[in-house]
Amino acid sequence: MKAKLLFPPFFEPPTAWLVSIGNIRLGVHLLDGWCIEVRGQARVLSRSDDMMHLLPLLEMGRVQFYEYLYRVAQGRSELKEIPSSFPAILLLRFALESSVSDYWPLKALDWIEAETTVDSKIREDLRTLLSKPWVSQRLKQRAERALKQC
């Protein structure tokens, strides 16, 4: 499934829905923060497992996604904090920890390489990733390069 940015956002007060991924929606609840709606049930993003549904965001690229968040934040004062509050670390950690193939870790590395600093939890996940037997040479080299840049 492909992530689709909703511009303008779809408002169902108190939630602003920002992204659709198939029948899943990602949004911001004005009181509780980032949330996801799966099969009509909305819940606040808090667990690593919630990120499974959001992996297609990694295909979009960090720069494009954050440009969108900043554009939305400029248009609505109540959403001004959304770029800084998005749980990117949770998403990246899920991609690195739960994968059994190169696809999502490589997409996560695209996001990591687009950032200016790398969180210490991400660095630890990259080190753990290097020890997994299924990791390809290409993924190993990119993870090592990302660790050196930290």
Within this structure, what is the CG-NE2 distance for the pair Leu55 and His53, rounded to the nearest 0.5 Å? 10.0 Å

Does Lys2 come within less than 4.0 Å of Glu59, counting only side-chain N to carboxylate O? no

Run Lys4 and Ile21 through side-chain contact (heavy atoms from CB on, under 4.5 Å) and show every step you take. CA-CA 6 Å; Lys4 179 183 175 195; Ile21 305 168; over 6 Å; no

For the atom pair CZ (Arg62) and CG (Leu57), what is the distance rounded to the nearest 0.5 Å? 12.5 Å

Under the side-chain hydrogen bond (donor to acceptor under 3.5 Å, both in side chains) test, residues paired with Asp119 that sit two or more places apart: none

Is any side-chain heavy atom of Ile24 closer than 4.5 Å to one of Val19? no

Can you run down the side chain to side chain donor-acceptor pair (under 3.5 Å) pairs that involve residues 33-44, sequence neighbours left out, and say none if there aren't any? Arg25-Glu37, Trp34-Ser85, Arg43-Asp50

Exercise answer: donor-acceptor pairs, residues 66-73 side-chain atoms, under 3.5 Å, sequence neighbours excluded:
residue	atom	partner	partner atom	Å
Tyr68	OH	Leu6	O	2.5
Tyr68	OH	Leu18	O	2.7

Among residues two or more places apart or on two chains, list those pairs meeting ring pair (Phe, Tyr, Trp, His ring centres under 6.0 Å) that have a residue in residues 95-125. Phe65-Trp111

From Ser98 OG over to Asp49 CG, what is the distance, rounded to the nearest 0.5 angstrom? 8.5 Å

With sequence neighbours excluded, what pairs up with Arg142 under the salt bridge (Lys or Arg N to Asp or Glu O under 4.0 Å) test? Asp110, Glu113

Heavy-atom closest contact (Ala143 atom, Leu130 atom, distance): CB-CD2, 3.8 Å

By salt bridge (Lys or Arg N to Asp or Glu O under 4.0 Å), Glu78 pairs with (sequence neighbours left out) Arg76

Would you be so kind as to tabulate the donor-acceptor pairs closer than 3.5 Å made by side chains of residues 86-97, with sequence neighbours excluded?
residue	atom	partner	partner atom	Å
Arg93	NE	Asp125	OD2	2.6
Arg93	NH2	Glu97	OE2	3.0
Arg93	NH2	Asp125	OD1	3.4

Does the side-chain contact (heavy atoms from CB on, under 4.5 Å) test come out yes or no for Met60 and Leu5, once each step is laid out? CA-CA 10 Å; Met60 178 178 303; Leu5 303 175; 3.6 Å; yes

Can you list every pair that meets side chain to side chain donor-acceptor pair (under 3.5 Å) and has a residue in residues 128-139, with sequence neighbours left out? Asp102-Ser136

Strictly below 4.0 Å, N to O, side chains only: are Arg127 and Glu124 in salt-bridge contact? yes

From OG1 (Thr15) to CG (Asp32), nearest 0.5 Å: 8.5 Å

Side-chain contact test, heavy atoms from C-beta onward, threshold under 4.5 Å: evaluate it for Cys35 versus Val28 and give yes or no. no

Distance-minimising heavy-atom pair for Ala146 and Ile112: CB-CG2, 4.4 Å

Residues pairing under ring pair (Phe, Tyr, Trp, His ring centres under 6.0 Å) where one sits in residues 1-29, two or more places apart or in two chains, turn out to be none

Pairs touching residues 15-24 that satisfy salt bridge (charged side-chain N to carboxylate O under 4.0 Å, His left out), sequence neighbours left out: none

